Colleague: 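I am attaching a structure below and will ask some questions about it afterwards.
Here the structure is a predicted model, which means the values were calculated and not measured. Naming convention: chains lettered A, B, ... in sequence-line order (proteins, then strands); numbering from 1 in each chain.
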Amino acid sequence: MSGKTFYITTAIDYVNSKPHLGTAYEKVAADIIARYHRLIGDDVLFLMGNDEHSQKVEAAARAQGLSPLAWCDLMEKEFRDAWKALDISFDDFIRTTEPRHVAAVKEMLTRIHAAGDVYQDVYEGWYCTGCEAFKNEGDLVDGKCPDHLSTAPTFLEEKNWFFRLSKYESFLKDYYAEHPDFVRPAIRRNELTSLLDSGLKDISISREGATWGVPVPFDETAVVYVWFDALINYIAGLGWPDDSERFERYWPADLHLIGKDITRFHCIIWPAMLKSAGLPLPAQVFGHGFVNMGKDRMSKSLGTAVDPQSLADRFGADALRWYLTSEAGFGKDLEYGEDRLVERANTDLANGLGNLLSRSVSMLVRYLGGVVPAPPAAPPMRSKVEEAVPVYREALDDLDLKGAADAAMSIVHRANVYVDEKAPWAMAKDPAQKDALAGVLYELMESCRVAGVLLTPFMPAKMAELRERLGEDAEAAPKIDDASWGGLPEGRKLTKPSPLFTKLALDEADAS
RNA sequence: GGCGACGUAGCUCAGCCGGUUAGAGCGAGGGAUUCAUAAGCCCUAGGUCGGUGGUUCGAGUCCACCCGUCGCUACCA
């Protein structure tokens with residue numbers, strides 16, 4: 001046990017539509033990081049949630065003839081079901097309509113108001129409900145928001161409360177300079193430093209006359225602007241300001257995991273809010289890439305195929321998780337292709353790891369009656385494992401999910417080569433090599449076991465199955481110490497297993 | 001318009017502060033095997049490293065400009 005805490009959050013999701021593959025990608029990545037930190041013994045708190053205060057949400061509810069809250073209740077189920085289907089192991093789930101969140105928002109407003117960072121002014125401009133944001137006229141194309149062509153922006157002129165963001169410009173510049181890893185990847189930090197260099201403007205943080213939102217504590221005629229509201233979930237989820245014990249334990253957050261499009265809110269506005277309220281800043285914000293659908297080859301099933309739940313149903317949550325995080329570098333965009341998903345699952349999982357387990361156990365059963373032999377003296381696979389584990393850990397410590405996936409899988413590749421080098425089936429024909437054969441088989445089983453430990457954060461369900469096939473306790477979550485060589489006990493009796501991963505197929509009736 | 005990123009084998013990409021025959025994975029082709037989910041293993045890609053011109057003994061690797069993609073940001077209107 002490290003005794004260290006690790007607090008990780010994802011963006012909370014707008015509930016104006018069901019979860020899509022892009023949001024699922026973020027949650028899967030966060031889940032792998034959270035599970036990794038549990039693996040290494042950290043006291044992890046993994047927070048997710050839904051963002052329910054916005055005009056978009058209100059409109060979506062009205063369109064269904066529901067009250068906003070009734071709609072949000074329905075959507076909460078949708079999201080929770082999706083995350084369950086993907087094995088997302090969040091520890092807490094916050095909704096911005098919950099009392100604990102509302103209380104935190106009010107406290108935050110009260111604090112920054114007391115700090116002299118809030119003032120009233122008139123705002124006029126074009127407001128795009130699609131973006132939930134005011135747009136500069138220059139942003140509009142033919143009078144419409146280029147991102148939301150179907151909904152015309154409305155011209156608003158209202159009294160708003162403003163937050164003195166400009167006051168924190170030099171503070172943020174210094175903070176960025178002193179904390180080079182605050183914003184990652186580097187490309188996002190560069191964008192934001194140049195934004196800081198160009199100067200910050202104060203921002204409107206309230207909406208007049210709206211009702212679906214948190215009332216401004218010192219002005220009952222206004223509600224807090226949804227973006228300002230949403231960010232506060234990260235401390236509200238810790239019980240701030242009431243549960244100081246929980247808050248003190250986990251805050252500041254170790255990692256805010258968000259999409260690359262909302263780095264500005266998290267890396268400029270949010271730190272300024274915290275500073276104004278006298279709270280410490282999170283250690284790191286990571287803006288991951290998007291899952292692009294543009295080049296999807298399976299256009300005929302587009303729409304249903306890219307629904308994360310249906311993908312999990314068709315291919316299995318673990319295969320989907322593996323594809324999403326092992327295919328492209330984290331932080332870069334992923335070009336989604338169902339054929340690529342199937343290819344990766346078949347190559348790495350069925351043909352690689354699954355087949356290695358099958359051939360290893362099968363030989364154990366055939367040559368040694370299924371009884372795990374004693375560990376050999378100086379096994380080559382041991383050095384391979386002991387080389388891969390640190391690479392895996394360094395990669396995950398650096399949020400390099402693909403690097404960690406590759407490191408774990410390198411054990412599998414090496415073991416498959418090792419089988420060929422040793423040719424156990426030939427050794428089995430020579431009684432003089434009986435001990436050597438037993439040693440090789442032990443190495444293969446043990447390699448599977450360790451790879452299974454390392455891959456548990458990526459594929460929790462399948463790796464539990466793997467443990468079961470090796471006679472381990474499938475329910476007990478492994479720890480990093482279990483990745484040490486020699487953990488498989490001598491004398492255990494194994495039986496020939498069924499395939500761990502079945503081959504996937506693109507379900508094309510007219511495949512050619 | 002400003003700032004920045006990227007453009008390397010069919011595909012996806014590695015290549016840190018410049019240095020012998022430019023790498024990996026996947027796909028594809030060939031080969032030797034048989035324990036295994038017809039899986040695994042071995043070999044094979046001769047690619048103007050976007051273009052041009054520079055700096056240098058020597059440049060995907062630095063500089064300038066150009067072309068093409070993209071991100072952030074501004075403004076004209």
Side-chain angles (χ1 to χ4, degrees), chain A residues 135-143 146-147 183 185-201 259-265 267-268 287-290 292 294-295 297 319 323 326-337 339-368 370 395 400 402-403 405-407 409-410 412-429 437 440-441 443-445 447-448 462 465-466 469 496-505:
Chain A
K135 312 295 284 188
N136 294 316
E137 286 199 34
D139 295 333
L140 303 177
V141 178
D142 295 330
D147 295 331
V183 183
I187 182 173
R188 306 270 86 95
R189 188 186 63 237
N190 293 343
E191 287 178 0
L192 294 171
T193 47
S194 74
L195 181 68
L196 284 172
D197 288 340
S198 69
L200 297 179
K201 293 176 189 162
K260 63 181 183 181
D261 56 331
I262 54 177
T263 49
R264 186 177 183 161
F265 294 96
C267 305
I268 303 281
H288 68 253
F290 291 156
N292 292 322
K295 295 174 185 169
R297 290 82 149 182
Y323 164 71
S326 70
E327 171 80 348
F330 200 42
K332 295 187 176 181
D333 286 3
L334 169 65
E335 205 63 57
Y336 177 75
D339 50 353
R340 290 292 305 157
L341 188 166
V342 168
E343 185 178 294
R344 276 212 85 84
N346 287 345
T347 301
D348 295 337
L349 306 182
N351 297 347
L353 177 58
N355 187 233
L356 176 68
L357 180 69
S358 283
R359 65 196 309 204
S360 302
V361 179
S362 183
M363 286 189 280
L364 183 76
V365 169
R366 179 181 293 218
Y367 304 135
L368 299 179
D400 177 7
K402 178 173 169 52
D406 289 346
M409 205 49 80
S410 76
V412 174
H413 294 317
R414 181 69 189 87
N416 270 321
V417 172
Y418 191 60
V419 173
D420 249 63
E421 290 172 357
K422 293 296 181 182
W425 50 90
M427 300 172 86
K429 292 172 183 165
L437 170 64
V440 168
L441 293 182
E443 288 186 73
L444 295 177
M445 312 297 309
S447 298
C448 288
K462 282 296 179 185
E465 284 184 39
L466 179 145
R469 283 165 168 73
K496 182 164 168 52
S498 55
L500 182 59
F501 293 96
T502 51
K503 291 260 187 79
L504 304 180

Colleague: CG/A/L341 to CD/A/E327 distance, rounded to the nearest 0.5 angstrom?
Modeller: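 Going from the CG atom of A/L341 to the CD atom of A/E327 covers 9.0 Å.
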Colleague: Any sub-3.5 Å donor-acceptor pair from A/K402's side-chain atoms to A/S326's backbone N or O?
Modeller: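 Yes, because the side chain of A/K402 sits within donor-acceptor range (under 3.5 Å) of the backbone of A/S326.
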Colleague: Has A/N351 got a side-chain N or O lying under 4.0 Å from the OP1 or OP2 atom of B/U37?
Modeller: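 No, because none of the side-chain N or O atoms of A/N351 sits under 4.0 Å from OP1 or OP2 of B/U37.
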Colleague: C1' atom, B/U33 versus B/A38: distance in rounded Å?
Modeller: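 13 Å, rounded to whole Å.
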Colleague: Quick check on B/G40: syn or anti? Syn means the glycosidic torsion is within 90 degrees of zero.
Modeller: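 Anti, angle beyond 90° from zero.
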Colleague: May I have the distance from A/D406 (atom CG) to B/G23 (atom P), rounded to whole angstrom?
Modeller: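 Roughly 20 Å, once rounded to whole Å.
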Colleague: Taking only the C1' atom of each, what is the distance from B/G27 to B/A45 in whole angstrom?
Modeller: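 About 12 Å, rounded to a whole number of Å.
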Colleague: What integer distance in Å separates A/I187:CD1 from B/C72:P?
Modeller: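 Roughly 10 Å, once rounded to whole Å.
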Colleague: Write down the distance separating the P atoms in B/G68 and B/G51, rounded off to the nearest Å.
Modeller: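 Comparing P positions in B/G68 and B/G51 gives a spacing of 15 Å.
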Colleague: Take A/L349 and A/R344, find for each the nucleotide of RNA chain B with the closest heavy atom, and name the residue whose nucleotide sits nearer the 5' end.
Modeller: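 Here A/R344 is the residue nearer the 5' end.
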Colleague: Roughly, in whole Å, what's the span from CG in A/N346 to C1' in B/C26?
Modeller: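 Atom-to-atom, A/N346 to B/C26, this comes out as 13 Å.
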Colleague: Consider the side chain of A/D420, meaning its heavy atoms from C-beta on, and name the nucleotide among B/C3, B/G40, B/U37 that approaches it most closely.
Modeller: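 In terms of side-chain proximity for A/D420, the closest of B/C3, B/G40, B/U37 is B/G40.
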Colleague: Work out how far the C1' atom of B/G7 is from that of B/G46, and round it to whole angstrom.
Modeller: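 It works out to 22 Å between them.
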Colleague: If you measure from CG on A/L349 to NZ on A/K503, what distance do you get to the nearest 0.5 Å?
Modeller: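 Between atom CG of A/L349 and atom NZ of A/K503 there are 12.0 Å.
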Colleague: Please determine, for the side chain of A/N355, which listed nucleotide (B/G71, B/A39, B/U34) has the closest atom?
Modeller: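 Nearest to the side chain of A/N355 among the choices is B/A39.
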Colleague: Can you work out whether A/L500 or A/N416 has the more 5'-proximal nearest nucleotide on RNA chain B?
Modeller: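 So the residue in question is A/L500.
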Colleague: If only atom types and distance count, is the side chain of A/K260 paired as donor or acceptor with the main-chain N or O of A/F290 below 3.5 Å?
Modeller: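 Pair absent, no side-chain N/O of A/K260 close to backbone of A/F290.
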Colleague: Rounded to whole Å, how long is the line connecting atom NZ of A/K422 with atom P of B/C41?
Modeller: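 Distance check: A/K422 NZ to B/C41 P gives 17 Å.
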Colleague: NZ of A/K429 versus P of B/U33: gap in Å, rounded?
Modeller: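 These atoms are roughly 12 Å apart.
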Colleague: Check the phosphate of B/G71 against A/K260, side-chain N and O only, distance under 4.0 Å to OP1 or OP2. Yes or no?
Modeller: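 Answer no for this pair, as no side-chain N or O of A/K260 is under 4.0 Å from OP1 or OP2.
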Colleague: What is the distance, rounded to the nearest whole Å, between atom CD1 of A/I268 and atom C1' of B/C72?
Modeller: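 From A/I268 CD1 to B/C72 C1': 12 Å.
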Colleague: Distance check, P atoms only: B/A64 and B/G71, in whole angstrom units.
Modeller: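 24 Å, rounded to whole Å.
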Colleague: In Watson-Crick or G-U wobble terms, both distances under 3.5 Å, what is the partner of B/G53?
Modeller: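 B/C63 is the nucleotide pairing with B/G53.
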Colleague: Of the nucleotides B/A36, B/A39, B/G27, which has the atom closest to the A/R359 side chain?
Modeller: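 Among the listed nucleotides, the one closest to the side chain of A/R359 is B/A36.
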Colleague: Could you measure the distance from the CE atom of A/M427 to the CG atom of A/L441? Nearest 0.5 Å is fine.
Modeller: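 Atom-to-atom, A/M427:CE and A/L441:CG are 8.0 Å apart.
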Colleague: At under 4.0 Å between heavy atoms, what does A/Y367 touch on the DNA or RNA strands: base, sugar-phosphate, or nothing?
Modeller: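 The residue A/Y367 makes sugar-phosphate contact but no base contact.
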Colleague: For the side chain of A/R366, counting heavy atoms from C-beta on, which of B/A36, B/U33, B/A39 is nearest?
Modeller: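 Among B/A36, B/U33, B/A39, the one nearest the side chain of A/R366 is B/A36.
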Colleague: How long is the line joining CE of A/M363 and P of B/C41, in whole Å?
Modeller: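 That distance rounds to 13 Å.
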Colleague: Using a heavy-atom cut-off of under 4.0 Å over every strand shown, decide if A/K402 touches base, sugar-phosphate, or nothing.
Modeller: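 A/K402: no heavy atom of the nucleic acid under 4.0 Å.
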Colleague: Provide, to the nearest angstrom, the distance between the CG atom belonging to A/L444 and the C1' atom belonging to B/C35.
Modeller: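 That distance rounds to 10 Å.
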Colleague: Categorize A/S198 for me: base, sugar-phosphate, or nothing, with a 4.0 angstrom heavy-atom threshold over every strand shown.
Modeller: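 A/S198: no heavy atom of the nucleic acid under 4.0 Å.
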Colleague: With a 3.5 Å limit on both atom pairs, tell me what B/U20 is paired to, counting Watson-Crick and G-U wobble, or say none.
Modeller: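 Result: none.
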Colleague: How is A/L357 classified with respect to the nucleic acid when contacts are heavy atoms under 4.0 Å: base, sugar-phosphate, or nothing?
Modeller: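 It contacts nothing in the nucleic acid.
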Colleague: With sugar-phosphate meaning primed atoms plus P, OP1 and OP2, does A/R188 contact a base, only sugar-phosphate, or nothing at under 4.0 Å between heavy atoms?
Modeller: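 The answer is sugar-phosphate, as A/R188 gets under 4.0 Å only of primed atoms, P, OP1 or OP2.
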Colleague: Give none if B/A45 has no partner; otherwise give the nucleotide forming a Watson-Crick or G-U wobble pair with it, both distances under 3.5 Å.
Modeller: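 Its partner: none found.
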Colleague: Measure from the side chain of A/S362, starting at C-beta and using heavy atoms only, and say which of B/C35, B/C41, B/U37 lies closest.
Modeller: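 Looking only at heavy atoms from C-beta outward on A/S362, the closest nucleotide is B/C35.
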Colleague: Give none if B/G1 has no partner; otherwise give the nucleotide forming a Watson-Crick or G-U wobble pair with it, both distances under 3.5 Å.
Modeller: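 Check on B/G1: paired to B/U73, both distances under 3.5 Å.
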Colleague: Looking at side-chain heavy atoms only, is the closest gap between A/D339 and A/E343 below 4.5 Å?
Modeller: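 When only atoms from C-beta onward are counted, A/E343 and A/D339 do not touch, as no gap falls below 4.5 Å.
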Colleague: Identify the nucleotide, in any strand shown, that forms a Watson-Crick or G-U wobble pair with B/C11, with both distances under 3.5 Å; if there is none, say none.
Modeller: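 B/C11 is paired with B/G25.
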Colleague: For B/A5 versus B/C65, give the span between their P atoms, rounded off to a whole number of Å.
Modeller: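 Looking at atom P only, B/A5 and B/C65 are 14 Å apart.
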Colleague: For the side chain of A/E191, starting at C-beta, report the closest nucleotide among B/G40, B/G71, B/A36.
Modeller: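 That would be B/G71.
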Colleague: Looking only at atom C1', what distance separates B/G10 and B/C66, rounded to whole Å?
Modeller: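 It comes out at 28 Å once rounded to the nearest Å.
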Colleague: B/A39 and B/A24: how far apart are their P atoms, nearest whole angstrom?
Modeller: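 The answer is 24 Å between these two P atoms.
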Colleague: Report the base-pairing partner of B/G68 (Watson-Crick or G-U wobble, both distances below 3.5 angstrom), or none.
Modeller: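 Answer to the pairing question: B/C6, which forms a Watson-Crick or G-U pair with B/G68.
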Colleague: Indicate whether OP1 or OP2 belonging to B/U73 is found under 4.0 Å from a side-chain N or O atom of A/R264.
Modeller: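 For B/U73, OP1/OP2 do have a side-chain N/O of A/R264 under 4.0 Å.
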Colleague: Assess the side chains of A/T263 and A/R189: does a donor N or O sit below 3.5 Å from an acceptor N or O?
Modeller: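 No, A/R189 and A/T263 have no side-chain donor paired with an acceptor closer than 3.5 Å.
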Colleague: Check whether A/R469 reaches the backbone of A/S498 with its side chain - one donor and one acceptor, N or O, closer than 3.5 Å.
Modeller: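 Yes; judged by distance alone, with no hydrogens or angles, the pair exists.
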